[in-house]
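This report refers to the structure that appears directly beneath it.
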Amino acid sequence: MRVQRSLLLGPARLCLRILLLLGYRRRCPPLLRGLVQRWRYGKVCLRSLLYNSFGGSDTAVDAAFEPVYWLVDNVIRWFGVVFVVLVIVLTGSIVAIAYLCVLPLILQTYSVPRLCWHFFYSHWNLILIVFHYYQAITTPPGYPPQGRNDIATVSICKKCIYPKPARTHHCSICNRCVLKMDHHCPWLNNCVGHYNHRYFFSFCFFMTLGCVYCSYGSWDLFREAYAAIETYHQTPPPIFSFRERITHKSLVYLWFLCSSVALALGALTVWHAILISRGETSIERHINKKERRRLQAKGRVFRNPYNYGCLDNWKIFLGVDTGRHWLTRVLLPSNHLPHGNGLSWEPPPWVTAHSASVMAV
Ligand SMILES: [Zn+2]
Ligand SMILES: [Zn+2]
């Protein structure tokens, strides 16, 4: 970049010097003198308008990509509604296939205890998926109070121009600061933050569980349906009724959709489970990684100030205080509030008075 600048500015400066030399001589025409004065004036104007003490290649790249960021933010904002409708339609189609195509088939072949088990498990799983998805899209993630207050803050948000508490980050899609922000999820059309992080994770977990259950449970039916579809173009063609053909295609669709979602969402769920075990959010993962490298270069060790230990991190995240809560708050639908207010955080036992400053992340 510097080489390019010097290549452009070099000849311009040379021309200016020649003009200046000519301009100071009495025989120089007034037109040329005026041109030199205008050049000087223009240069001062340009410098004063474009002056930036933080200017650099990063600022130039950010400014150049600003329209792209704006476009992506707006597209995600508007497509959020489409994604939510897509989740509801796809989940609804799987439930409809299970009732209309799978149920009549297994009623004829499965034993009563096996049917009972499938009936209870599938409905328990479905209720948890619907409950957590509804809560995740309708629960606000939590926002810091605006205006005068006594809360401890760590910085000022450059977009909102308001103080930011620890773990709070600005969401450019929602266009506001979010408490303990994890990420903006287009599939929820909502930010994942302090108040709905548990709903988001539980939805991912129970949806993965449901997809694994559907693809594993329908494996035999899928194989039979797939083999039947392959015989459609044989001569003489097999005699299948319209209902049977629809059932075959629906079973193949169910198996492929559930298997792909189980793989993709399963990987995402495992990744979030790792982060929760470490007491980190997706954003903090990047911040902590940078901080770890920075301190490592100085021969020091970084410790996450929000890591209370693997089991305690899970208990805090799920809001489990007693043994009974694992059943009532995790395995059954529960709309209990998370621990804390998302504005200030209890330091873990290992944080001593001298290291309390590390809380400012
Ligand atoms: Zn903000
Ligand atoms: Zn957001």
Side-chain angles (χ1 to χ4, degrees), residues 52 54 58-59 62-63 65-88 132-205 207 264-265 268-269 271-272 275-276 279-288 290-291 305-306 317 335 337-338 340-345 359-361:
N52 185 351
F54 299 106
D58 286 345
T59 319
D62 277 355
F65 276 88
E66 198 57 42
V68 180
Y69 297 145
W70 181 87
L71 195 72
V72 171
D73 288 352
N74 278 278
V75 164
I76 292 174
R77 197 176 298 151
W78 288 108
F79 269 73
V81 181
V82 179
F83 283 141
V84 169
V85 172
L86 203 66
V87 171
I88 296 167
H132 287 115
Y133 190 64
Y134 177 76
Q135 291 289 352
I137 58 172
T138 55
T139 308
Y143 308 106
Q146 296 183 337
R148 288 171 69 90
N149 54 63
D150 299 328
I151 55 163
T153 53
V154 294
S155 60
I156 301 279
C157 174
K158 281 187 272 179
K159 301 271 175 74
C160 306
I161 325 289
Y162 273 115
K164 257 192 339 184
R167 308 189 89 178
T168 296
H169 298 282
H170 185 89
C171 173
S172 54
I173 297 155
C174 300
N175 204 22
R176 63 193 301 185
C177 278
V178 172
L179 296 177
K180 202 194 128 197
M181 183 182 168
D182 190 87
H183 68 288
H184 184 95
C185 181
W187 297 100
L188 302 179
N189 193 27
N190 198 3
C191 245
V192 176
H194 181 63
Y195 288 100
N196 63 351
H197 197 177
R198 178 176 68 87
Y199 295 130
F200 161 77
F201 179 78
S202 299
F203 164 70
C204 291
F205 178 75
M207 185 58 120
L265 197 62
L268 185 82
T269 309
W271 170 243
H272 277 278
L275 291 179
I276 294 162
E280 286 178 323
T281 62
S282 301
I283 295 174
E284 284 166 4
R285 166 82 184 138
H286 297 291
I287 298 170
N288 293 352
K290 268 189 189 173
E291 197 64 7
Y306 308 112
F317 178 78
N335 59 357
L337 290 171
N341 55 9
L343 298 166
S344 54
W345 303 89
M359 297 299 285
V361 174

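First listed ligand is number 1; within each ligand, the first listed atom is number 1. The chain is numbered in sequence order, starting from 1.
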Could you confirm whether His170 has any N/O/S atom lying under 2.8 Å from the Zn ion (ligand 1)?
-> yes
Kindly assign one of parallel, tilted or perpendicular to the pair His272 and Phe200, based on the angle between their ring planes and the thresholds 30° and 60°.
-> perpendicular
Sidechain-backbone polar pair: Asn196 side chain, Pro140 backbone, donor-acceptor under 3.5 Å = no
For Tyr69, does the OH atom sit with more than 12 other heavy atoms under 6.0 Å from it, leaving out its own atoms?
-> yes
Does CZ in Phe317 sit with more than 12 non-hydrogen atoms of other residues, nucleotides or ligands closer than 6.0 Å?
-> yes
So the angle subtended at the Zn ion (ligand 1) by Cys160 atom SG and Cys177 atom SG, rounded to 10 degrees, is 110°
Going by chain and residue number, what protein N/O/S atoms come nearer than 2.8 Å to the Zn ion (ligand 2)?
-> Cys171 SG, Cys174 SG, His184 ND1, Cys191 SG
Geometric class of the Trp345/Tyr306 ring pair [parallel <30°, tilted 30-60°, perpendicular >60°] | perpendicular
Checking His184 side chain against Arg77 main chain: does a donor-acceptor pair fall under 3.5 Å?
-> no
ring-ring contact (aromatic ring centres under 6.0 Å, His included) assessment of His132 paired with Phe205 | CA-CA 10 Å; His132 287 115; Phe205 178 75; 9.7 Å; no
